[in-house]
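Index from 1, following the sequence.
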Amino acid sequence: MRNSLLLFASAIFTVIIVTLSSSIELYGAVETKSGENTITNVAYDTNPQQDQGEEVETEEGFAEATHSPAPAWTVIPFVLLLLMIASGPLFYEHFWHKNYPKIAVILAALVISYYLFVLHNTHGPVHAAFEYIQFIALLASLYIASGGIVINVNKRSTPLVNVVILLIGAAISNLIGTTGASMLLIRPFIRLNRNRIKAYHIIFFIFMVSNIGGSLTPIGDPPLFLGFLKGVPFFWTLEHNWDAWFFALIVLAVVFYFLDRRNKVKEEDLEEEMVYDNKITINGKRNFIWLAIIIISVFIDPNIIDGVPGITYDGQTFSFIREIIMLSVAYLSYKFAKKDIHELNEFSFEPIREVAFIFVGIFGTMMPALDLVGDFAKSDAGASLITHNTLFWGTGILSGFLDNAPTYLNFLAAAMASQGASLSVVPHVIDFANGGVYYDSVLDLKAISIAAVFFGAMTYIGNGPNFMVKSIAEQVGIKMPSFFGYIIRYSIPFLLPLLFLVWLLFFY
């Protein structure tokens, strides 16, 4: 564990130092040219209609692009990483579990090095480094803080009680994230149903709490938080996603209720032995204070509150106060948590360690994919294919079988670039989200947002908490379906029809 953490810290430190030092060297060279300013920002050109080599207007004047765009083959490390994320735990589990940190770091380093030393592009790596730190600070702090809370529901397990817990968990996921809510509630949910637990209990938990529930706030699910970091207003998701969120959860709750009514295994026998006082006990309540601090800190952003210190690079201001608060909370909540609570929760750093390394690779390798998607969307052929319908199904299908966070960014970049906007320019993102500037942009963004979150439940690999919940269930002896068993037995008959109804009602 120590070696892995050291490798992780070294990788992040190296990326930040190299990218920042390269940018300093670049700006030093710029200052030596009298009367000229040069930037290396082709990947996210603020004026997509300009050809390479022409002057492009920035907030500080005019600049000339000086490097070539990434060639198509540079997307190979990104595709390779995503394929290994999907196949590794299934077909070569021992090798993958032992080596995924090295694989993720090496693939990321290859792409970053190509950007820095061949393309002389510091924009992409610096932005990716900052956004990764913001991303992992939120996930890690929520995961660690929620790990110090134990909830015990001493009630008789009934279909109605289970439905209420699933709906409460879905709502909570918008406050502490799908990862935090899943880790907080999966063990109490299993304990509550210990006399009649089946795989469908865990699958519907993944559907409702680990994915669809977190559709209303950027805290709820990783792709929405990435959108928030790019400039989507915080309450945009609550305003625009609530109807599809409510409809999907009600449908799933009704289906689960009738499934659970048929489950009578050992229920009568256990009723004679167990005494229920209908009480809900919570240990580690002070960790709710830590969670509240994390939630409040989300708003401490220089792009939201004037006067908050930030790091400005290439026309964009990045937060660092928020991340310091989140990581400090993660450390303090773990240090001062009672050991017996962590033991009851079977708390481990392994799930968040895996997420941290995997996303080092994703953030490091997905830059060429974002560039290529954006370039295609600028073309007449690409722009003609982009509608809210194709965005819904395209984002959704890839989110189900790859990771939904980079998929969200790829399709948002495509949708914006097709109308001459750039994902890396905050005012463009704000205008795209608010509507009135770009055609049908609000519905496009809603289609991308809903699809990325909802379709993340299609497979174990669609969203980070899915595999975490599966692992916890298997640790306590619950027989879970295989990767393809999950899809055939649950996703296709239960989730896919729901997604089709969502499309018909809200996007068609």
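F455 and W393 have perpendicular rings, their planes meeting at more than 60° on a 0 to 90° scale where under 30° would count as parallel. Between Y438 and F432, the angle of the ring planes lies from 30° to 60°, which puts this pair in the tilted group.
Take D243 and apply the side chain to side chain donor-acceptor pair (under 3.5 Å) test, not counting sequence neighbours, and it matches K446. Residues forming a side chain to side chain donor-acceptor pair (under 3.5 Å) with E354 (at least two apart in sequence, or on another chain): none. E131 is linked by a side chain to side chain donor-acceptor pair (under 3.5 Å) to K230, counting only residues two or more places apart in sequence or in another chain. Listed by chain and residue number, D431 satisfy the side-chain contact (heavy atoms from CB on, under 4.5 Å) test with V437 (two or more places apart in sequence, or in another chain). For F363, the ring pair (Phe, Tyr, Trp, His ring centres under 6.0 Å) test picks out Y132, F135, with sequence neighbours left out. Remark: F318 pairs with H127, F130 by the ring pair (Phe, Tyr, Trp, His ring centres under 6.0 Å) rule, at least two apart or across chains. P218 meets the side-chain contact (heavy atoms from CB on, under 4.5 Å) test with F225, F228, F234, T237; sequence neighbours excluded. For the side chain to side chain donor-acceptor pair (under 3.5 Å) test, residues two or more places apart in sequence or in another chain that qualify with N389 are W503. Scanning for side-chain contact (heavy atoms from CB on, under 4.5 Å) contacts around L372 gives A72, V75, with sequence neighbours left out. Every side-chain contact (heavy atoms from CB on, under 4.5 Å) that F320 has, sequence neighbours left out, goes to P309, I311, I324.
At least one donor-acceptor pair under 3.5 Å links the side chain of T459 to the backbone N or O of G400.
Here side-chain hydrogen bond (donor to acceptor under 3.5 Å, both in side chains) pairs that include residues 213-222, with residues two or more places apart or in two chains, are T178-D221, D221-N404, D221-N463. Sequence neighbours left out, the pairs with a member in residues 455-471 that pass salt bridge (charged side-chain N to carboxylate O under 4.0 Å, His left out) are K470-E474.
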